[in-house]
Amino acid sequence: MEPTTELPETLPPALVERLRRLDRSQPIVDPRTDRAVLAQATEFFHARPRRAAVRMRWALPLGTAAALLLVAVLMRPLLLDAPGADDIDGSGRVDILDVLALARDRAARGDAAGISDARIEELAYRIVALDSSRSLP
Amino acid sequence: MSRAARVIVAAFAALAVAMVVSLSAQPGAGRFATVDLYVASDMPVAAWQVELTETGGAMQIVGIERGDDATFRDPPFYDRVVLERAQTDRIVLASFSLSAADRLPRGRVRIARLHVRTTGTAQPDYEARLVAAGAADGSPIGARLTVETQPER
């Protein structure tokens, strides 16, 4: 047995007691430091709600504007290409009768109707398109 | 007939038989047919819109003509991409006329003719739907739509 590498199985009680006292956690912050940290934290968190309120004052209008812009962008195809714009005869659907109505209007009033042949053809080709999202000839 | 001539004739005969067998064995060789669309109405028809669907097999539309009445445009409106596709199972046709009511067709009249090529062994099954039909004043009218097919010679 080598005394430099192996410990005895039992230690003297006095040594054990001293080692236990050393092993106990020691306070590393004294009460003055603790109070200082508390004071600074209180000051920090006291000021924080006011800054949040300032941000919230801008966040609401900005959020509303962003939401309106998003809705406008999403609704744009529906608004601009609304079936109602091509439902000339007011039947509730767009078909060849709307093309006929446009053509009859143009034939009756000529250029005063403000309807071009291209507009009539465009609507006619749109109603026969198998894929309505595709551009037409 | 010399021996060389008999050999040449036999070679051509074998080639002809091989070609016939090859063509008849090709499943995609296809058959051509015409599909006629008829509308029957007691009132003069000034506008019509039809949707034709083929549910039985592969259909390729190779040509579209107007019907019997010359007051309608030739051909009717249709999606031009349909003819560019190799196959399609649906097409929408429409046309109108600004002629006076007394010049418009009434009764049973052919409004369009489609030339189609079908492939496969299944018989084509056409379904046609009259989307709209209108009188000269633009008002909708009731009409009956029928489809007739016949093989092309």
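Computed from a prediction, not measured in an experiment: that's the story for all the values here. In what follows, chains are A, B, ... by sequence order, proteins preceding strands, each numbered from 1.
Each of B:S95, B:P76, B:A46 has some count of heavy-atom pairs under 4.5 Å with chain A, and the biggest count is that of B:S95. Ranked by non-hydrogen atom pairs under 4.5 Å with chain A, the options B:A132, B:G134, B:S97 are led by B:A132.
Distance alone, capped at 3.5 Å, places no donor-acceptor pair between the B:Q49 side chain and the A:D95 backbone. Put simply, the side chain of A:R104 gets close to the backbone of B:A136: a donor and an acceptor are under 3.5 Å apart.
To the nearest 0.5 Å, atom CG of residue A:L100 and atom CH2 of residue B:W48 are 13.5 Å apart. Here the CG atom belonging to A:L130 is positioned 8.5 Å from the CD atom belonging to B:E51, to the nearest 0.5 angstrom. A distance of 11.5 Å separates CG in A:L97 from CZ in B:F96, rounded to the nearest 0.5 Å.
Cluster annotation: B:L98 and A:Y125 are assigned to the same hydrophobic cluster (Ile/Leu/Val/Met/Phe/Trp/Tyr, side-chain heavy-atom contacts under 4.5 Å, transitive). Placement of B:L93 and B:Y38 in two distinct hydrophobic clusters is found when ILVMFWY residues are connected by side-chain heavy-atom separations under 4.5 Å, directly or transitively. When the side chains of ILVMFWY residues are joined at heavy-atom separations under 4.5 Å, either directly or via intervening members, A:V71 and A:L68 end up in two distinct hydrophobic clusters. Residues B:V109 and B:L130 are members of one and the same hydrophobic cluster, defined by side-chain heavy-atom contacts under 4.5 angstrom among Ile, Leu, Val, Met, Phe, Trp and Tyr.
The environment of CZ in B:R108 is crowded: more than 12 heavy-atom neighbours from other residues, nucleotides or ligands sit within 6.0 Å.
If you measure heavy-atom distances from A:I120 to chain B, the contacts under 4.5 Å come from the side chain alone. The part of A:A107 that comes within reach of chain B is its side chain, from C-beta onward, which places non-hydrogen atoms under 4.5 angstrom from that chain.
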Is there a side chain to side chain contact (heavy atoms under 4.5 Å, CB included) between A:I127 and B:V131 once you walk through the steps? CA-CA 11 Å; A:I127 64 168; B:V131 179; over 6 Å; no
